Amino acid sequence: MSVAGLSIVVPNWNGRALLETFLPSLIESARAFEAVCGQPTEVLIADDASTDDSEEWLRAHWPEVRFESSARQQGFAPAANRGVRATRFSLVYLVNNDVALTGATLPPLAAHFRDSNVFAVTGNAYDFGTGVLRGAGQRGRFRRGFLGVHSRFFVPAPPAHMPPLMTLYATGGSSLFDREKFLALGGFEEALAPYGWEDVELSMRAWKQGLEVRYEPRSAIWHQFSSTIGSKVSRRQANAVYDRNRLLTHWLHLDTYGERAAHALGVAAKLLTSPLIGRMEYWQAFAQALAVRPQIKVRRAEWKKSQQRSLAEVLRKIEEQMSRKEVRALDAASAPIRPYVRSETFSSVQAMREKTK
């Protein structure tokens, strides 16, 4: 059993430059959590067989940060799962290596875990460069055979006392998880490696098992989007992986005959039209998804034995919140701007490090 406290896990692949920029903010946020909540913290880098000097740099500049490495590169889900298993504390904050935190990021998330039914909590994600709000609560809808997961909502001015808000999924790049529940569910589905849809799939699994995934608008992070995958993988290759994992997630979680029939028609339409618009990678994605379909069917059968909610029930539960007066749909017109500002304590951490070099 893990003990009370909070572990920050940072999956990393050739991210030394990003760690140098963003790790100090994680250290500062961990120290602030200890001061406010009176519980211990740790920071752990779950490295995915990096070939740069991430480990050497870390040991020279941040020896108190734990470093767990893999012998071979496996992708986000295996690296994150390995990192969570190696942690000591009951709450685990999974965060990308291109994300900045503040001292106020973690305590509002941790407060939700007073409710034993909570699986994960996520907050607002602002663009590191522009300060524009890009990630918040997630809505979902099933349309034309596919689950849409890119409709968002936010709370411009959270009231002092606000009933919890639910979200379709907690992003794997900046969310707090209950460690025991994460491990009991099996963590991220590693068939979705190297990246994409693993956070949606795991959150859907948690929802269907009777747990809750929440959105906390008082917590904020700043994300330098696509710093790792976007800078090292072609758009065509990334699209193929994304489409494959989108298919696998549907095959895991569509419940009814009607949903599966609509999905089959939607896939057929995409296979027919993708060559006409220069998207042959969709055929590649479909072939790769078919190759692991037997494994996915086994997983689906295992989870269905203890399923307590359907996909439709989850989507309906989240959509009911949109009638609350404090909630607004997030789009380009409504998105607020909140630039990232380094705190004095964050600056002091950097200054202290410079003096000890």
Side-chain angles (χ1 to χ4, degrees), residues 109 112-113 115-125 133 135-156 158-159 161-172 175-178 181-182 185 188-189 197-217 219 245-267 296 299-331 334:
L109 300 176
H112 286 268
F113 291 88
D115 185 335
S116 62
N117 204 44
V118 173
F119 170 67
V121 188
T122 195
N124 286 332
L133 182 62
Q138 300 283 348
R139 305 165 67 182
R141 65 172 181 170
F142 185 73
R143 183 169 175 263
R144 296 177 181 173
F146 290 95
L147 175 63
V149 298
H150 297 297
S151 180
R152 300 178 175 91
F153 63 91
F154 73 115
V155 178
H161 301 286
M162 182 179 67
L165 285 161
M166 309 302 164
T167 182
L168 181 63
Y169 71 94
T171 172
S175 296
L176 190 61
F177 293 84
D178 181 306
K181 292 183 178 66
F182 183 99
L185 284 175
F188 292 118
E189 173 52 64
W197 279 80
E198 59 279 301
D199 45 8
V200 179
E201 190 285 315
L202 177 59
S203 295
M204 287 303 309
R205 206 185 323 154
W207 270 117
K208 286 184 162 191
Q209 297 303 310
L211 301 173
E212 289 185 0
V213 182
R214 292 183 179 179
Y215 160 60
E216 175 49 72
S219 177
N245 288 352
R246 187 186 189 202
L247 288 168
L248 294 178
T249 300
H250 282 71
W251 297 349
L252 281 166
H253 290 294
L254 295 184
D255 293 306
T256 67
Y257 174 80
E259 289 170 351
R260 293 193 291 272
H263 176 67
L265 289 173
V267 171
I296 294 302
R299 292 276 201 279
R300 176 186 172 87
E302 290 174 354
W303 299 335
K304 198 155 184 72
K305 295 174 185 176
S306 53
Q307 181 173 322
Q308 297 183 32
R309 295 188 183 106
S310 68
L311 172 63
E313 288 171 333
V314 174
L315 297 180
R316 188 161 53 247
K317 185 178 182 70
I318 294 167
E319 199 60 26
E320 288 171 355
Q321 301 174 131
M322 297 307 297
S323 62
R324 288 172 51 170
K325 62 181 181 181
E326 70 270 25
V327 174
R328 289 187 60 186
L330 179 63
D331 53 33
S334 65

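Small disclaimer: the values here were computed from a predicted structure and weren't measured.
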**OP:** Assign the ring pair Phe177 / Phe119 to parallel, tilted or perpendicular, where the plane angle (0 to 90°) is split at 30° and 60°.
**Re:**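 Ring orientation, 0 to 90° scale: perpendicular.
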Any sub-3.5 Å donor-acceptor pair from [X]'s side-chain atoms to [Y]'s backbone N or O?
| X | Y | value |
| --- | --- | --- |
| Arg214 | Leu109 | no |
| Arg324 | Pro163 | yes |
| Ser203 | Val200 | no |
| Trp207 | Thr167 | yes |
| Gln321 | Ile318 | yes |
| Thr171 | Thr122 | no |
| Asn124 | Pro217 | yes |
| Asn117 | Gly210 | yes |

For residues 140-156, dump all side-chain donor-acceptor pairs below 3.5 Å to protein atoms at least two apart in sequence or in another chain.
residue, atom, partner, partner atom, Å
His150, NE2, Tyr242, OH, 3.0
Arg152, NE, Arg134, O, 3.4

**OP:** Given salt bridge (Lys or Arg N to Asp or Glu O under 4.0 Å), test Glu313 with Lys317 step by step and report yes or no.
**Re:** CA-CA 6 Å; Glu313 288 171 333; Lys317 185 178 182 70; over 6 Å; no
Nearest non-hydrogen partners of [X] and [Y], listed with the distance:
| X | Y | result |
| --- | --- | --- |
| Arg205 | Glu189 | NH2-N, 3.6 Å |
| Phe113 | Asp178 | CE2-N, 3.6 Å |
| Ser334 | Arg328 | CB-NH2, 3.5 Å |

**OP:** Decide yes or no for Glu326 and Pro158: does some side-chain heavy atom of the first lie under 4.5 Å from some side-chain heavy atom of the second?
**Re:**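 When only atoms from C-beta onward are counted, Pro158 and Glu326 do not touch, as no gap falls below 4.5 Å.
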From [X] [atom1] over to [Y] [atom2], what is the distance, rounded to the nearest 0.5 angstrom?
| X | Y | atom1 | atom2 | value |
| --- | --- | --- | --- | --- |
| His112 | Glu216 | NE2 | CD | 3.5 Å |
| Glu212 | Leu165 | CD | CG | 11.0 Å |
| Trp197 | Thr249 | CH2 | OG1 | 6.0 Å |
| Met322 | Glu319 | CE | CD | 6.0 Å |
| Asp199 | Gln138 | CG | CD | 9.0 Å |

Subject >> For Asp255, all residues meeting side chain to side chain contact (heavy atoms under 4.5 Å, CB included), sequence neighbours excluded >> reply: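 Counting only residues at least two positions away or on another chain, Asp255 forms a side chain to side chain contact (heavy atoms under 4.5 Å, CB included) with Lys208, Glu259, Lys304, Gln307, Ser310, Leu311.
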Original post:
Can a salt bridge be assigned to the pair Glu320 and Arg316 using a cut-off of 4.0 Å between side-chain N and carboxylate O?
Top reply: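 Salt bridge absent between Glu320 and Arg316.
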